[in-house]
Amino acid sequence: MIILGIETSCDETAVSIIQDGKKILANIVASSLELHKKTGGIIPEVAAREQLKCLIPVIKETLAKSGLAPKDLDALAVTSGPGLIGSLLIGVETAKALAFAWGKPLIPINHLQGHLYANWLETDNPPQFPILGLTVSGGHTDLIIMKDHQKIKWLGGTRDDAAGECFDKCARLLELGYPGGPAISKAASEWVTSNSKIKIPLPRPMINDQTLDFSFSGLKTAVLTQVENLKEKKEFNQENIMALAYEIQEAITDVLVKKTLKAISQNQVASLLLAGGVTANPRLKEKMKAALKKQQIKIPLFIPESKFCTDNAAFVASCAFFNFQPSPWQKIQADSSLEIEEVIKF
Ligand code: KG4
Ligand code: ZN
């Protein structure tokens, strides 16, 4: 089965054509990142206007790259939420028009569920159920149990800022630019290679509490306080910025790893899946692997290739293949606050 997926929930305009949920026939991600770098973050109207300009050309280019024509497609899939409403509307309304014009079934996809399907791409050894999924992106930090494709249960998530959002906001405070995750990761590596002895302690919010929830806004405030202190003392320099970047990355990844291990101890788990933009963070991958080894947890860990951690339409089309539930196009609506609970079936 060949599915064309469309993803426009944030600042990317992404289109993919995927066969049987795993084989990538064509995959294009057009990003308006350069525009957002200038403003230090995403301006929703700017993102939506770019998507309006790019989506049809990107769909044409993806079809051309795959060598397929619309008649060769079995279905279309589109992210219907959560995300930025203007951006979602561009993808959803375009997908509806094409489904009608081409006479194809259309499957609406929850972006959070979709992210996990990056782990089904280009592999002959897919994850086994029950699955524990950690989705960490710019908008979300969620722990999810999947007993099967349709059987999803949300275990916990962030009560305020998402992990990626925390990376982005802290990078802004450190004047490291946008997007913050890769910028902090780079500065943290530089701190390690510099052999600096400076250490600026930061809190690990909610790391020892009983729930599987997260909170990152306090960490951001702690960074703000440190930055203000350094500026006052005229010590807001390269070395201290790198030391803070290192500690921010350690604090966020410590919490993510600890809560994931807690979730494993409380649930029957056959595979651990990481997904979302923050999963591209090398330190998170390294610490997660080390923690599983240290605790002698022999559950296979799935981490998508970095380009499939961040937003793309390959996971949208893959998710649609494994959760093939077309809706009449007239009923599909963009929903900026769509919850993962809305796909729960147990
Ligand atoms: O999944 P994604 O592309 O979009 C959302 O659904 O939000 O995630 C984007 C987030 C941004 O906050 C970005 O800073 C973060 O992922 N990110 C990273 C890294 N690469 C991207 N965070 C930490 N380390 C990275 N290497
Ligand atoms: Zn995402």
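Heavy atoms only: backbone and side chains are in, while hydrogens, waters and symmetry mates are out. Both counts, for ligands and for their atoms, begin at 1 and track the order of listing.
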Exercise. Quick one: does ligand 1 sit under 4.0 Å from the side chain of His115, the backbone, both or neither, non-hydrogen atoms only?
Worked result: side chain
Exercise. Where does Asp311 meet ligand 1, judged by heavy-atom distances below 4.0 Å: at the side chain, the backbone, both, or neither?
Worked result: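 Contact part for Asp311 vs ligand 1: both backbone and side chain.
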May I ask you to check whether [X] has an N/O atom sitting below 3.5 Å from an N/O atom of ligand 1?
X	result
Gly138	yes
Asp168	yes
Gly181	yes
Ser185	no
Gly277	yes

Which of the numbered atoms in ligand 1 are below 4.0 angstrom from a heavy atom of [X]?
X	value
Thr310	3 (O)
Gly164	12 (O)
Ser137	1 (O), 5 (C), 6 (O), 7 (O), 8 (O)
Gly139	7 (O)
His111	6 (O)

Exercise. Is there side-chain contact between Leu212 and Lys262, with heavy atoms separated by less than 4.5 Å?
Worked result: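 SC-SC contact between Leu212 and Lys262 confirmed.
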Problem set entry | Within-4.5 Å side-chain heavy-atom neighbours: Val78 and Ile109 | no
For this session: Begin with the C-alpha distance, continue with both residues' side-chain angles, and end with the deciding distance and a verdict on ring-ring contact (aromatic ring centres under 6.0 Å, His included) for His149 and Tyr117.
Result: CA-CA 10 Å; His149 288 295; Tyr117 282 84; 5.6 Å; yes
For this session: Could you grab the distance from atom OH of Tyr246 to atom OG of Ser189, nearest 0.5 Å is fine?
Result: 10.0 Å
For this session: Rounded to the nearest 0.5 Å, what's the gap from CG on Leu25 to CG on Asp72? Could you check?
Result: 10.5 Å
Exercise. Checking only N/O/S atoms, does His111 have one that is under 2.8 Å from the Zn ion (ligand 2)?
Worked result: yes
For this session: May I ask you to check whether His140 brings an N, O or S atom to under 2.8 Å from the Zn ion (ligand 2)?
Result: no
Problem set entry | Heteroatom of His115 nearest to the Zn ion (ligand 2) (N, O or S, atom name) |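 Among the N, O or S atoms of His115, the one closest to the Zn ion (ligand 2) is NE2.
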For this session: Specify which N/O/S atom of Asp311 comes nearest to the Zn ion (ligand 2), by atom name.
Result: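 In Asp311, the N, O or S atom with the shortest distance to the Zn ion (ligand 2) is OD1.
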Problem set entry | Asn267 side chain vs Ala263 backbone, donor-acceptor pair below 3.5 Å | yes
Going by an N to O cut-off under 4.0 Å, is there a salt bridge joining [X] and [Y]?
X	Y	result
Lys307	Glu12	no
Glu250	Lys287	yes
Glu45	Arg49	no

Exercise. Can a non-hydrogen atom of Gln249 be found less than 4.0 Å from any atom of ligand 1?
Worked result: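 No.
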For this session: Check whether more than 12 heavy atoms from other residues, nucleotides or ligands sit under 6.0 Å from atom CG of Asn125, and answer yes or no.
Result: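 No.
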Problem set entry | Taking atom 24 (N) of ligand 1 as the reference point, the nearest protein heavy atom with its distance | Asn281 ND2, 3.0 Å
Exercise. Gln51 and Asp11: which non-hydrogen atoms are nearest, and at how many Å?
Worked result: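 Smallest interatomic distance, heavy atoms only, reads NE2-C, 3.8 Å.
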